Amino acid sequence: REQTISIDQLGFSFAFLQDEPISAPAEGVYVHGLFLEGCRYCVSSKEIEESRPKILFTPLPIMWFRPEESISRSKREVYRCPLYKTSDRRGTLSTTGHSTNFVMFVNLPSSRPEDHWVKRGVAALCQLDD
């Protein structure tokens, strides 16, 4: 409401935080507790990289979801990573054409092309099965 962006034009920019925030952001929301399947987020290079051997899931650092107009895009290469509620990656098909398990796409910085991560089945998850 503050930025007077219509709902069909609303998108998010994503930033990773180094430290635990001490207060709420002025706009947007901090999200913690997400996991990556099929890759990992490297804090030093600030992008996603290949998973380490025998590690299926890795935690994502705290992310800042900041509202913005969806047509403004980052100039840096990103992977539009699907975010699911559970690792099942299936659910009932909703009227939007997405599974009810699908939440949204999260832009993760990457130096590799998007199809590299798609072939590996990389996804972000809100919760693990255990």
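No hydrogens, no waters, no symmetry mates; every other heavy atom, side chains included, goes into these values. A quick note: this is a predicted structure, and the numbers were derived from the prediction, not measured.
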Checklist entry - With a 4.5 Å heavy-atom cut-off, do R40 and I55 have their side chains touching? => result no
Checklist entry - Can you tell me if Y79 uses its side chain to pair, donor with acceptor, with the backbone of V122 under 3.5 Å? => result yes
Checklist entry - Do N101 side-chain atoms and T86 backbone N/O form a donor-acceptor pair below 3.5 Å? => result yes
Item to check | Minimum heavy-atom distance between P25 and G28, given as atom pair plus value | outcome: CG-O, 3.5 Å
Checklist outcome for this item: Between the CZ atom in R52 and the SG atom in C42, the distance rounded to the nearest 0.5 Å is 7.0 Å
Item to check | Cluster overlap V118 with M104, hydrophobic side-chain contacts below 4.5 Å | outcome: yes
Next on the checklist: Tell me if a side-chain donor or acceptor on W64 pairs with a main-chain N or O of S13 at a distance below 3.5 Å.
Outcome noted: no
Checklist entry - Hey, any chance Y30 and F16 share a hydrophobic cluster, counting ILVMFWY side chains that come within less than 4.5 Å of each other, even indirectly? => result no
Checklist entry - Hey, what do you get for OG (S44) to CD (E49), rounding to the nearest 0.5 Å? => result 6.5 Å
Item to check | Beyond-backbone contact of M63 with F12, side-chain heavy atoms, under 4.5 angstrom | outcome: no
Checklist entry - Would you say V106 and L60 make side-chain contact, with heavy atoms under 4.5 Å? => result no
Item to check | Student check: side-chain heavy atoms of E37 and Y84 closer than 4.5 Å | outcome: no
Checklist entry - Roughly how far apart are S87 OG and D129 CG, rounded to 0.5 Å? => result 3.0 Å
Item to check | Main-chain N/O of R80 paired to E114 side chain as donor or acceptor, under 3.5 Å | outcome: yes
Next on the checklist: Does any part of the side chain of L34, heavy atoms only, come nearer than 4.5 Å to the side chain of C126, both counted from C-beta?
Outcome noted: yes
Item to check | Sequence-distant partners of F35, ring pair (Phe, Tyr, Trp, His ring centres under 6.0 Å), two or more places apart | outcome: none
Next on the checklist: With a 4.5 Å cut-off on side-chain heavy atoms, are L36 and Y41 touching?
Outcome noted: yes
Next on the checklist: With a 4.5 Å cut-off on side-chain heavy atoms, are L56 and S51 touching?
Outcome noted: no
Next on the checklist: Using modelled atom types and a 3.5 Å cut-off, is there a donor and acceptor pairing between side-chain atoms of S110 and backbone atoms of E77?
Outcome noted: no
Item to check | Any residue meeting salt bridge (Lys or Arg N to Asp or Glu O under 4.0 Å) with E50, in chain and number order, not counting sequence neighbours | outcome: R112, R120
